[in-house]
Protein chains: 2
Amino acid sequence: MDPQLPQYKKLYEDLRKQIVDGIFKEGDLLPSENELCSLYGVTRPTVRQALSSLVSDGFIKKHQGKGSIVHKLPKGIGILSIAGTTSALGAKNIKSKMLEKPSVGQWPDPFMFPLNDAEKRAGCVQLSRIRYFNDRPIFYDINYLPNININRFTSRTFENKSLFDILRVNYGIEIIGGEQKLRAILSDKKLSDYLRLGEGMPVLHLERHFDTSRPGYSIYSSIYCNTMDQDVYGIF
Amino acid sequence: MDPQLPQYKKLYEDLRKQIVDGIFKEGDLLPSENELCSLYGVTRPTVRQALSSLVSDGFIKKHQGKGSIVHKLPKGIGILSIAGTTSALGAKNIKSKMLEKPSVGQWPDPFMFPLNDAEKRAGCVQLSRIRYFNDRPIFYDINYLPNININRFTSRTFENKSLFDILRVNYGIEIIGGEQKLRAILSDKKLSDYLRLGEGMPVLHLERHFDTSRPGYSIYSSIYCNTMDQDVYGIF
DNA sequence: TGACCCAACATGTATTTACAAGTTGAACTT
DNA sequence: AAGTTCAACTTGTAAATACATGTTGGGTCA
């Protein structure tokens, strides 16, 4: 990929891939930190930086005196962490359908998070879609992007593509963190229609605020999740 | 407290306290890493280790070239992170009531997480309680502790005390991480009674598995949360 | 006055070195 | 043979250093 990627990130991606691909299985011991140093030609702090990311993403656990043990891959939907929804279940089981053509408009008022003046002035692009796992609708989400330097965005197509991937590839915008609010709600008519649920069924509602690598540029999502068949999973 | 606490943890606790106490306010710039080095007589890697914990706990954000900016204190209930529920709202607004005397018994079957043989053999101590914020019931939780080397546990009293604090002070057990599953459910008769909700209202259900500093010793919680008035908050 | 440049300072990445502390298993002692 | 000790290996903590990269504001030059 990018040859300018920091070494610890390359090591992180490499080890993560080997875990996801099953080369390292649940319960396996990773090579020791010193072995990884030799294998990848880096020093121990660099290795530890990569391993600590794997820990916080839930891929391994470290035990002093023993080593780094591969954690079981999460069974549920890992939406609570930054990695997004595709990491756990595998992108191949996911399909998404846009509900309407993305369009520029005003922010809803009131909005779920406070907006600064620049964001308010610019207005926002709004994208709503339904995401399916194994052909069952699990997510209905509405995404709000400030209309700042994202020309030709509305004309792009998002079917079965990751919004974050498009932002990263086409605009160099990376998600670096965020905050979220959770609550349980009852499905109304629209929700029960979109998620193929009865009315008055329990739905998990997430409101998320993403920070990006572009200073001052934030992305917002309101996500409704059917948790009847599939839990939402996270580590801490 | 403990004079053997690692330096980076002392610095973390010190800065965290200053943020919670309002000495550093939202939007303030923390002293730069080099200034903190001088102030606390440690080196930059140590300072950075402390700051990175503050970042992952959502207290600050770092900006290359600018500094570390104090984040707003979360408004909702910060149960998604390890810090627990008391950090955001302040312990003074929280009361808890035990529902029955803790007692030793068998694990429920099926159980929300897989148990190993030692845990199954030992049986478990079960504690259920309701937690109130501003005299309104928000949480109903059931906690399961393996009955291994926790003598005289059932006779202690937990009213208005943190379970984790008791474990730490009396048994030297610290929570070091864990995993959780989330879903939205409808309140049944018991839940609506405990949480003062109507039946068929939406409730957030968390199932949590805590790892502790005692090897092989895990704690489990099933938490039902009324999110009608108060969101659950998290960062990522 | 306005645009540009750049020095000063912030955090990010990386190396090297050292010692502390937990775990394991083999060798030794009884 | 069983229990103990200890050496070797693991991760944890910490220091000192160097350079890269992003931000800011003041000074310079047109």
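Computed from coordinates, the Tyr8(A) OH to dT15(C) P distance equals 13 Å when rounded to whole Å. Distance, Gln7(B) CD to dA20(C) C1': 13 Å, rounded to whole Å. With rounding to whole Å, Lys9(B) atom NZ is found 14 Å from dA20(C) atom C1'. If you take CG of Asn34(B) and P of dA8(C), they are 15 Å apart, rounded to a whole angstrom. With rounding to whole Å, Arg48(B) atom CZ is found 11 Å from dA14(C) atom C1'. A straight line from CG of Leu29(B) to C1' of dC9(C) spans 12 Å, rounded to a whole angstrom. Leu11(A) has its CG atom 14 Å from the P atom of dT13(C), to the nearest Å.
Taking the side chain to side chain contact (heavy atoms under 4.5 Å, CB included) definition, one finds that Glu35(B) meets it with Pro31(B), Ser32(B), sequence neighbours left out. When the ring pair (Phe, Tyr, Trp, His ring centres under 6.0 Å) test is applied to His209(A), the partners found at least two apart in sequence or on another chain are Phe113(A), Tyr220(A). A search for side chain to side chain contact (heavy atoms under 4.5 Å, CB included) contacts involving Pro45(A) returns Thr43(A), not counting sequence neighbours. Here Asp211(B) pairs with Lys61(A) under the salt bridge (charged side-chain N to carboxylate O under 4.0 Å, His left out) rule; sequence neighbours left out. When the side chain to side chain contact (heavy atoms under 4.5 Å, CB included) test is applied to Cys225(A), the partners found at least two apart in sequence or on another chain are Ile138(A), Phe139(A), Leu204(A), Thr227(A), Val232(A). Residues passing the side chain to side chain contact (heavy atoms under 4.5 Å, CB included) test with Glu33(B), sequence neighbours excluded: Arg44(B), Val47(B), Arg48(B), Leu51(B), Lys62(B). Contacts of Lys9(A) classified as salt bridge (charged side-chain N to carboxylate O under 4.0 Å, His left out), with partners at least two apart in sequence or in another chain: none.
You can see that DNA chain D meets the heavy atoms of chain B within a 4.0 Å-exclusive cut from dT13(D) to dT24(D), reading 5' to 3'.
Between the side chains of Tyr233(B) and Gln180(A), no donor N or O sits under 3.5 Å from an acceptor N or O. Residues Asp141(A) and Ser221(A) have side chains that never bring a donor and an acceptor to within less than 3.5 angstrom of each other.
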Could you list the protein-to-nucleotides 16-18 of chain C atom pairs, N/O on both sides, closer than 3.5 Å?
none

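Under the salt bridge (charged side-chain N to carboxylate O under 4.0 Å, His left out) criterion, no residue pair touches residues 112-127 of chain A, with sequence neighbours excluded.
Note: Leu15(A) CG to Leu54(A) CG = 5.5 Å, rounded to the nearest 0.5 Å. Going from atom CG of Asp57(A) over to atom CZ of Phe59(A) covers 6.0 Å, rounded to the nearest 0.5 Å.
Looking at residues 60-70 of chain A, you'll see Gln64(A), Gly65(A), Lys66(A) sit with a heavy atom under 4.0 Å from some atom of DNA chain C.
Between the side chain of Thr212(B) and the main chain of Arg214(B), a donor-acceptor pair closer than 3.5 Å is present.
Defining each end axis of the helix from dT1(C)-dA30(D) to dT30(C)-dA1(D) as the rotation carrying four pairs' C1' atoms onto the next four, with five pairs an end, the two axes are found to diverge by 10° to 10 degrees.
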